[in-house]
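Below is one structure, written out as structure tokens; the observations come after it.
As the structure is a computational prediction, the values presented were derived from the model and not from experiment. All values below were derived from every heavy atom in this structure, side-chain atoms included, with hydrogens, water molecules and symmetry-related copies excluded. For reference, positions follow the sequence shown, starting with 1.
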Amino acid sequence: MRVVVDFCIIPLGTGDDLSLSPYIAECQRILAEANLDHSLHAFGTNIEGEWEAVMAAVKRCHMRVHEMGAPRISSTLKVGTRIDRVQSMQDKVSSVEKLLRE
């Protein structure tokens with residue numbers, strides 16, 4: 001089953017609360033290595049792919065951020081699925097952009 005998720009990972013207890021960028025960058029590398037379509041935004045990342053592959057990548061992000069020294073992680077994951085037709089993240093954005101051009 002295909003899935004589109006909105007994933008936000010927040011390392012806690014790192015002692016470096018000023019910048020989470022290194023942790024986020026590492027997760028972006030994990031998503032790229034998994035060959036998942038993804039799009040970083042200001043408060044998280046949209047990810048698209050098969051359910052198992054996406055969830056495995058989310059788990060790898062958690063594992064890697066712990067390896068980087070975060071003793072705790074808080075993350076949010078919004079999950080969307082549909083089985084009536086195939087719809088990509090870009091399809092959803094394009095639909096709104098089309099209306100804005102009209």
Side-chain angles (χ1 to χ4, degrees):
M1 175 175 17
R2 296 223 20 111
V3 63
V4 174
V5 305
D6 188 31
F7 175 51
C8 178
I9 187 166
I10 303 169
L12 301 170
T14 62
D16 183 17
D17 296 331
L18 297 178
S19 179
L20 301 178
S21 298
Y23 304 96
I24 305 308
E26 193 64 23
C27 286
Q28 293 297 302
R29 288 184 191 100
I30 289 168
L31 298 173
E33 290 168 3
N35 292 319
L36 292 168
D37 290 331
H38 59 284
S39 177
L40 178 67
H41 56 85
F43 290 102
T45 303
N46 293 129
I47 311 166
E48 174 181 353
E50 289 299 318
W51 180 281
E52 292 80 6
V54 170
M55 296 307 165
V58 167
K59 180 180 179 181
R60 283 194 302 279
C61 287
H62 268 254
M63 292 171 56
R64 180 65 186 121
V65 169
H66 281 306
E67 290 169 0
M68 292 174 72
R72 296 177 57 209
I73 297 170
S74 175
S75 64
T76 58
L77 188 67
K78 292 190 289 186
V79 180
T81 60
R82 71 180 302 165
I83 60 171
D84 59 330
R85 67 185 177 100
V86 175
Q87 184 181 39
S88 70
M89 293 185 299
Q90 186 55 52
D91 292 338
K92 295 167 79 76
V93 172
S94 294
S95 176
V96 174
E97 288 173 340
K98 178 182 175 193
L99 290 173
L100 291 172
R101 286 190 303 270
E102 295 175 353

Measuring from [X]:[atom1] to [Y]:[atom2], what's the distance to the nearest 0.5 Å?
| X | Y | atom1 | atom2 | answer |
| --- | --- | --- | --- | --- |
| I73 | R64 | CD1 | CZ | 11.0 Å |
| L31 | N46 | CG | CG | 11.0 Å |
| C61 | Q28 | SG | CD | 8.0 Å |
| C27 | H62 | SG | NE2 | 8.0 Å |
| T81 | W51 | OG1 | CH2 | 6.5 Å |
| I30 | I9 | CD1 | CD1 | 8.0 Å |

Only one of M89, Q87, H38 clears side chain to side chain contact (heavy atoms under 4.5 Å, CB included) with E48; which?
M89
For the residue pair [X] and [Y], what are the closest heavy atoms and their distance?
| X | Y | result |
| --- | --- | --- |
| R60 | A34 | NH2-CB, 3.4 Å |
| S74 | L12 | CB-CD1, 4.0 Å |
| Y23 | P11 | CG-CG, 3.6 Å |

Verify the distance criterion only: is there a donor paired with an acceptor across the side chains of S88 and D91 at less than 3.5 Å?
yes
Take atom [atom1] of [X] as the centre, draw a 6.0 Å sphere, and report whether it contains more than 12 heavy atoms from other residues, nucleotides or ligands.
| X | atom1 | value |
| --- | --- | --- |
| R82 | CZ | yes |
| M63 | CE | no |
| L99 | CG | yes |

Could you walk me through whether S75 and F7 satisfy the side chain to side chain contact (heavy atoms under 4.5 Å, CB included) test, starting with their C-alpha distance in whole Å, then the side-chain angles of each, then the deciding distance to 0.1 Å, before giving a yes or no?
CA-CA 7 Å; S75 64; F7 175 51; 3.9 Å; yes
Does the pair M68 and T14 meet the rule for a side chain to side chain contact (heavy atoms under 4.5 Å, CB included), with working shown?
CA-CA 9 Å; M68 292 174 72; T14 62; over 6 Å; no
Steps toward side chain to side chain contact (heavy atoms under 4.5 Å, CB included) verdict (L40, I24):
CA-CA 9 Å; L40 178 67; I24 305 308; 3.9 Å; yes
